[in-house]
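Report on the following structure.
These numbers come from a predicted model, not from an experiment.
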2 protein chains.
Amino acid sequence: MGGWTKKSLTRLARSAIGNAMQQEPLKPACGTCSPDGECSGKFHELLRLKGGRLTNERKALLRFICDLEGHFRPETLVKLLKDQGFQVSLTTVYRNLSLLVQAGIIRRTDVDDGVRSGGARYEHIWGHTHHDHLVCSRCGKRVEFSYPAIDVLQDAVAREHGFVLERHSLELVGVCPDCGNADARRTGGGAARAPGGTP
Amino acid sequence: MGGWTKKSLTRLARSAIGNAMQQEPLKPACGTCSPDGECSGKFHELLRLKGGRLTNERKALLRFICDLEGHFRPETLVKLLKDQGFQVSLTTVYRNLSLLVQAGIIRRTDVDDGVRSGGARYEHIWGHTHHDHLVCSRCGKRVEFSYPAIDVLQDAVAREHGFVLERHSLELVGVCPDCGNADARRTGGGAARAPGGTP
DNA sequence: TTCGATGCAAACCATTTGCAAATCC
DNA sequence: GGATTTGCAAATGGTTTGCATCGAA
């Protein structure tokens, strides 16, 4: 990588880390959209725009998703709703999830385990600060992180290439502390070592 | 985002850009694995390891994929191979693609158009410098880029959270210069404006 | 009243699997 | 010669669609 020295990169990274440490922690849940908050407003707006109707199913879905933490899959949604006494068909869930994506209330986060995709996940993003994911390749644990420095660089790259950036998806895959430590214990100490990796 | 000022972020980005501009361009194609190069070696190694056999189908697949530029889909592969007189079934392609992924010769790049996934793409990576993708949300054009500063920050984030990083997937989605300019022409000048975006 | 939404079942599509025949070592 | 691969066909699983019915505006 010409033009870069290990030193300059390290300095860059360190300064970014230092700065990022001063960030506020992520809001643990969405505080702005529960009963009749912003999410509802946003959704109603989209419905009005398309001449859509606010059905009971949509109300239930929206309320439920807003209360949900972390990512979820369409099928899980149906099960959970049924548990709470709401009967909504999988079809309807699918149809409305894409609406909610359009409205910017949820987003699709494709889980990439490197071999198979298995099915889409969604997560509630409205009112959450923007974030990306760290995923453990052993246990599947997902950790959210937010890192403005990376966002800024992404924007810069896009501009370099004449692109106007709309969104990005970033997923870091590795071994989480728990799984790594388990390794270390099993092999009798030493640093955790990741298998495979980019050539 | 506490701790960051617009100015400090801009400065960071600018310095990163300046440095990145000095990088060598991406190798346009893989120069190390054509007839009997490294790719073959890598693949043979994996086969030996698993007690696998080097069939004609595998030879054809490997040779063909090595010559391929850009990303491809399993089905396309079958078609293209047939055009060249090689009869390989889709099943076999699928079975061997995952082997090639294991060997680190290709990788899966899931295309995320925000709504549906449509099917996996793969691309030849052995011998290519590591890169990520810019994708145009209008015309689907894909541009490769490589940006060590982002990689360094990703590594830093992972370490912060105690993860040992194995790989990452980064995809920037936006409007490419061509599509953006088309907009500008249609609306009579002015900067291209992206629809939607992260809240 | 009327057009959009729902739910069921069937269609779809990418991917995987069972199994007999072909093939490599 | 015997285990591996292949290819076909059938199964799978997530997602979408056709259509009759239901319900919000």
Next item on the list: Measure distances between side-chain N and O atoms of B:Arg73 and base N and O atoms of C:dA14, and say whether any donor-acceptor pair falls under 3.5 Å.
Entry: no

Next item on the list: Measure the distance from CG on A:Leu81 to P on C:dG7 and round it to the nearest whole Å.
Entry: 11 Å

Next item on the list: Using modelled atom types only, decide if a donor and an acceptor are shared between the side chain of B:Arg58 and the backbone of B:Arg53 within a distance under 3.5 Å.
Entry: yes

Check: Base, sugar-phosphate, or nothing for A:Thr91, non-hydrogen atoms under 4.0 angstrom?
Finding: base

Checklist line | Working for side-chain contact (heavy atoms from CB on, under 4.5 Å), residues B:Leu77 and B:Ile65 | finding: CA-CA 8 Å; B:Leu77 213 51; B:Ile65 287 176; 3.9 Å; yes

Item checked: Below 4.0 Å: OP1/OP2 of C:dA5 and any side-chain N or O of A:Thr55 -> no

Item checked: Nearest-nucleotide 5' precedence on DNA chain C, B:Gly52 against B:Pro74 -> B:Pro74

Notebook entry, point to check: Roughly, in whole Å, what's the span from CZ in B:Phe43 to C1' in D:dT5?
Noted result: 12 Å

Notebook entry, point to check: Within this structure, what is the CZ-to-C1' distance between B:Arg58 and D:dG7, rounded to whole angstrom?
Noted result: 14 Å

Checklist line | Which nucleotide in C:dT15, C:dA5, C:dC24 has an atom nearest any side-chain atom of B:Tyr94 | finding: C:dT15

Item checked: Euclidean distance, atom CG of residue A:Asn56 to atom P of D:dA25 [Å, nearest integer] -> 10 Å

Note to self: Enumerate the salt bridge (charged side-chain N to carboxylate O under 4.0 Å, His left out) contacts for residues 73-96 of chain A, please, sequence neighbours excluded, ordered by first and then second residue.
What the structure shows: A:Glu75-A:Lys79

Next item on the list: Ignoring hydrogens and angles, tell me if any N or O in the side chain of B:Asp155 forms a donor-acceptor pair with the backbone of B:Asp151 under 3.5 Å.
Entry: no

Checklist line | Rounded distance (Å) that lies between atom C1' of D:dG23 and atom CG of A:Leu54 | finding: 13 Å

Notebook entry, point to check: For A:His130 and A:Glu144, what are the C-alpha separation, side-chain angles and deciding distance, and is it a side-chain hydrogen bond (donor to acceptor under 3.5 Å, both in side chains)?
Noted result: CA-CA 9 Å; A:His130 167 74; A:Glu144 300 182 354; over 6 Å; no

Item checked: Distance in angstrom units between A:Leu90 CG and C:dC8 P, rounded -> 11 Å

Notebook entry, point to check: Taking atom P of C:dA14 as reference, at what distance in whole Å does atom CZ of B:Arg108 sit?
Noted result: 13 Å

Margin query: What is the separation between atom NZ on B:Lys59 and atom P on C:dC24, rounded to the nearest whole Å?
Written below: 8 Å

Item checked: From D:dT15, D:dT6, D:dT4, nucleotide with atom closest to B:Arg53 side chain -> D:dT4

Check: Is any N or O donor-acceptor pair between the side chain of B:Arg95 and the base of D:dG7 shorter than 3.5 Å?
Finding: yes

